[in-house]
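First comes the structure, then the notes that go with it.
Order of listing sets the numbers, starting from 1, for every ligand and every atom in it.
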Amino acid sequence: MTTVEQATQIILQNTLTFGEEAVPLANANGRILREDLAADRDFPPFDRVSMDGIAIRFEAFAAGQRSFPIKGIQAAGAPQLVLTQKNNCQEVMTGAVLPQDADTVIRYEDLEIQDGQATILIEDVQERQNIHGRGTDRRQGEVIVKAGCKISPAEIGVAATVGKAGLQVAVLPKVAIISTGDELVEVGETPLPHQIRKSNVHTLAATLAGWGIEADLLHLQDDRAEIEATLTECLKKYDALILSGGVSMGKFDFLPEAFGALGVRELFHKVSQRPGKPFWFGRGERTVVFALPGNPVSTFMCTHRYFQPWLRAGLGLQPFENQYAVLEEDFFFKPDLTYFLQVKLVRREDGVTGAWPVAGRGSGDLANLAEADAFLELPTGKQNFKKGEVFPLFIYR
Ligand code: AMP
Ligand code: MG
């Protein structure tokens, strides 16, 4: 059977690229940047006053002068004034250009102002104090943000300050989330005794929305002809399909055969893991197909563990750095499968992330997902997992 590592590798060998597009700055948060952002001028672009007070020439202070006639007010947003004589001062406001010939700023808190004279009350004054020097943060032309990062409010601020009203970003894939099964009814309906409401599509839609993707939601009854007809259309339209259900051993689990008939190449079927063992993965001419088992915990785990890295790679993001947590309690798991244990995380006083098992009642127990925060990946070849041991972590909350 395909191992978790092999499945991961195969999936990452089948990434797609989606191209790039320009979006207005207001829509760029959360998207993947596809251009470098360089400083269009020095940061800051002029010697910037960083305290409200007066600007003087240090030379005069050093020579013993403490009282300075005020020649004017240098406001933020006003063109640069001149000191006119080295014994004068200008009142200056935070964000203003430092007046010409001045080189030191004294805060109002350290002054007394009377009759047009500012008197300095302190002796500890350093040349160029309270000045944010031109180009000290970044030089004109310097790349501040490199292409390939996920845009956050911090990058939005940089883009705005270098005059980018729009940004080149990676196009997001077109994705359909498809539920399957005759037992499923819509959220707004009252299920008959033998029916249940669909939950997977909504969990996955919300998960993908968190990654910026607005997926289309579709449903397939367990009907071979209908399945093939709908999937034929989907394979023309979407970069990725995420299906839930219909890939196990049941009499109505038609998906693997249907994909075969439609020319989608099976790259693996069944992964040595729990939950999510019946996972089927394949590739059509345009489309990559993640056909996940219908049990809600399987669908959810596989989307985080497999679809997310596939998406990141396609968008040109660096792979996630592995995260780890310490098991807080002994745990026993017998089958020779990788076990994705649901855990509740604690940030311990010693700075370590601790993981408390909240195993739940199996892959159908979707209520348990609301109790946990993450999956801890427990490897094969071992049955006793001891308190204090460290394992890889996939956080979903
Ligand atoms: P299957 O993989 O089709 O055999 O489905 C496995 C289990 O998951 C069954 O109990 C289904 O009723 C359930 N299931 C399948 N799809 C969904 C869905 N979209 N939402 C909630 N449960 C589902
Ligand atoms: Mg089914």
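Applying the 4.0 Å criterion to heavy atoms of Ile196 picks out, from ligand 1, the atoms 12 (O), 22 (N). Residue contact check: Ser179 has heavy atoms under 4.0 Å from atoms 19 (N) of ligand 1. Heavy-atom contacts of Gly245 reach the following atoms of ligand 1: 1 (P), 2 (O), 3 (O) (cutoff under 4.0 Å).
Under the 6.0 Å cut-off for aromatic ring centres, Tyr306 and Phe281 do not qualify, their centroids lying 6.0 Å or more apart.
When hydrogens are left out, the protein atom nearest atom 4 (O) of ligand 1 is Asp253 OD1, 4.0 Å; that is the closest non-hydrogen contact. Annotation: atom 6 (C) of ligand 1 to nearest protein heavy atom, Asn295 N, 3.7 Å. Protein heavy atom nearest atom 11 (C) of ligand 1, with residue, atom name and distance: Glu183 OE2, 3.0 Å.
Salt-bridge formation is not detected for the pair Lys344/Glu328: no Lys NZ or Arg NE/NH1/NH2 atom is positioned less than 4.0 Å from an Asp or Glu carboxylate oxygen. The residues Asp47 and Arg128 are annotated as salt-bridged, a charged nitrogen and a carboxylate oxygen being separated by less than 4.0 angstrom. The pair Arg139-Asp42 counts as a salt bridge, with a side-chain nitrogen and a carboxylate oxygen less than 4.0 angstrom apart. Of the charged side-chain nitrogens involved, none lies within less than 4.0 Å of a carboxylate oxygen, so that Arg107 and Asp52 do not count as a salt-bridged pair.
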Only pairs under 3.5 Å count here: list side-chain donor-acceptor contacts from residues 208-217, not counting sequence neighbours, and write none if there are none.
| residue | atom | partner | partner atom | Å |
| --- | --- | --- | --- | --- |
| Asp216 | OD2 | Tyr238 | OH | 2.6 |

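On a distance-only criterion, Arg197 and ligand 1 share no N/O pair closer than 3.5 Å. Residue Asn200 has at least one nitrogen or oxygen atom sitting less than 3.5 Å from a nitrogen or oxygen atom of ligand 1, judged on distance alone.
Taking 4.0 Å as the cut-off, Ser199 counts as a neighbour of ligand 1 on heavy-atom distance. Within the structure, ligand 1 has Gly246 among the residues with a heavy atom less than 4.0 angstrom away. Residue Ser244 places a heavy atom under 4.0 Å from ligand 1.
Side-chain N/O atoms of Ser152 and Glu155 include a donor and acceptor closer than 3.5 Å.
Among Gly294, Ser363, Ala291, the residue whose heavy atom sits closest to atom 5 (O) of ligand 1 is Gly294.
For the pair Arg66 and Phe61, the distance from NZ or CZ to the six-membered ring centre is under 6.0 Å and the angle to the ring normal is within 45 degrees.
Residue contacts with ligand 1, taken as heavy atom pairs separated by less than 4.0 Å, involve Leu184 solely via side-chain atoms from C-beta onward.
At most 12 heavy atoms of other shown residues, nucleotides or ligands fall within 6.0 angstrom of atom NZ in Lys387.
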